[in-house]
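These notes concern the structure reproduced below.
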Amino acid sequence: MNWIQLETIQQLQDIQHISGYSILFKHSTRCPISMMAKKRFELDKGALPQETSLYFLDLIKHRDLSAAVAKTFDVYHESPQLLLIKDGKCIYHASHGEISGEIAAAHIS
């Protein structure tokens, strides 16, 4: 997968202004459950449209950004967590075992 590293508030603000779909994957690099969810999501990469931007947030390095994501998109913070953003708004989010590329793709029209 071609992950874009989410590392700044400016990037988060930019995502709010992208037309179309973006996916944010919040990942704890120290958590085996998070690692499994990421691998399972990556196995489903073929289900997602190629033009979908994929952002990866390392929660250990960027705790402040994780809080900003929760506030910006009005979701409760969880880890691991996937957010599907359309035209700057979160239209779907999942955590832990509910994270699936196929389910996220089903929400993309």
Side-chain angles (χ1 to χ4, degrees):
M1 290 200 132
N2 294 325
W3 292 109
I4 301 166
Q5 298 296 315
L6 181 56
E7 298 176 327
T8 68
I9 293 291
Q10 182 61 52
Q11 284 177 292
L12 185 57
Q13 293 169 345
D14 291 346
I15 291 167
Q16 288 183 275
H17 296 98
I18 294 173
S19 70
Y21 295 93
S22 299
I23 287 179
L24 304 181
F25 189 90
K26 294 169 55 179
H27 174 66
S28 172
T29 55
R30 296 182 188 157
C31 174
I33 293 170
S34 191
M35 196 71 69
M36 286 176 37
K38 181 178 176 278
K39 285 184 182 193
R40 190 171 52 246
F41 178 77
E42 288 176 333
L43 288 173
D44 290 343
K45 70 180 179 184
L48 298 167
Q50 285 186 339
E51 64 274 4
T52 306
S53 298
L54 302 170
Y55 292 89
F56 178 87
L57 175 57
D58 180 338
L59 297 175
I60 304 301
K61 289 183 181 177
H62 302 287
R63 292 180 190 270
D64 58 332
L65 267 178
S66 178
V69 167
K71 184 177 179 182
T72 299
F73 296 111
D74 196 27
V75 297
Y76 183 78
H77 163 74
E78 296 190 72
S79 171
Q81 186 174 37
L82 178 141
L83 286 77
L84 177 61
I85 310 301
K86 179 182 181 193
D87 299 333
K89 301 214 183 304
C90 181
I91 62 167
Y92 171 76
H93 60 94
S95 67
H96 297 83
E98 296 175 0
I99 293 173
S100 163
E102 289 183 0
I103 294 173
H107 287 84
I108 297 174
S109 52

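Just so we're clear, the structure is a prediction, and the values are computed from it rather than from any experiment.
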Mind running side chain to side chain contact (heavy atoms under 4.5 Å, CB included) on L48 and L54 for me, showing each step along the way? CA-CA 10 Å; L48 298 167; L54 302 170; 4.2 Å; yes

Passes side chain to side chain contact (heavy atoms under 4.5 Å, CB included), I91 versus Y21? Steps please. CA-CA 10 Å; I91 62 167; Y21 295 93; 3.8 Å; yes

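Looking only at side-chain heavy atoms (C-beta outward), L82 and I103 stay at 4.5 Å or farther from each other. Residues F41 and I23 are in side-chain contact: their nearest non-hydrogen atoms beyond the backbone lie under 4.5 Å apart. Side-chain contact between Q13 and Q16: present, with at least one pair of heavy atoms (C-beta onward) separated by less than 4.5 Å. Under the 4.5 Å side-chain criterion, counting only non-hydrogen atoms from C-beta, F73 is in contact with L12. Between Q81 and V69 there is no side-chain heavy-atom pair separated by less than 4.5 Å. In this structure, the side chains of L24 and L57 stay at 4.5 Å or more apart for every pair of heavy atoms.
Using modelled atom types and a 3.5 Å distance limit, the side chains of K26 and H77 yield a donor-acceptor pair.
When atom types are taken as modelled, the side chain of D87 and the backbone of S19 share no donor-acceptor pair closer than 3.5 angstrom. No donor-acceptor distance shorter than 3.5 angstrom exists from the side chain of H27 to the backbone of S79, with no hydrogens or angles considered.
Of all heavy-atom pairs spanning D44 and G101, the tightest one is OD2-N, 3.1 Å. When every heavy atom of P80 is checked against every heavy atom of A37, the shortest pair comes out as CG-CB, 3.7 Å.
Relative orientation of the F56 and F25 rings is parallel, given thresholds of 30° and 60° on the angle between their planes.
Of the inter-residue distances, the one linking K39 atom NZ with S34 atom OG reads 11.5 Å to the nearest 0.5 angstrom. Rounded to the nearest 0.5 angstrom, L59 CG and E78 CD are separated by 11.5 Å. Taken from CD1 in I18 to CD in Q11, the straight-line distance is 9.5 Å, to the nearest 0.5 Å. The CG atom of L6 sits 12.5 Å away from the NZ atom of K61 when rounded to the nearest 0.5 Å. Here the CD1 atom belonging to I15 is positioned 11.5 Å from the SG atom belonging to C90, to the nearest 0.5 angstrom.
Screening I85, V75, L84 against Y92 for a side chain to side chain contact (heavy atoms under 4.5 Å, CB included) leaves a single residue, L84. Under the side chain to side chain contact (heavy atoms under 4.5 Å, CB included) rule, I9 has a single partner from L65, T72, D14, which is L65.
Heavy atoms of other residues, nucleotides or ligands lying less than 6.0 angstrom from CG of D64 number more than 12. Within a 6.0 Å sphere centred on CE of M36, heavy atoms belonging to other residues, nucleotides or ligands number 12 at most.
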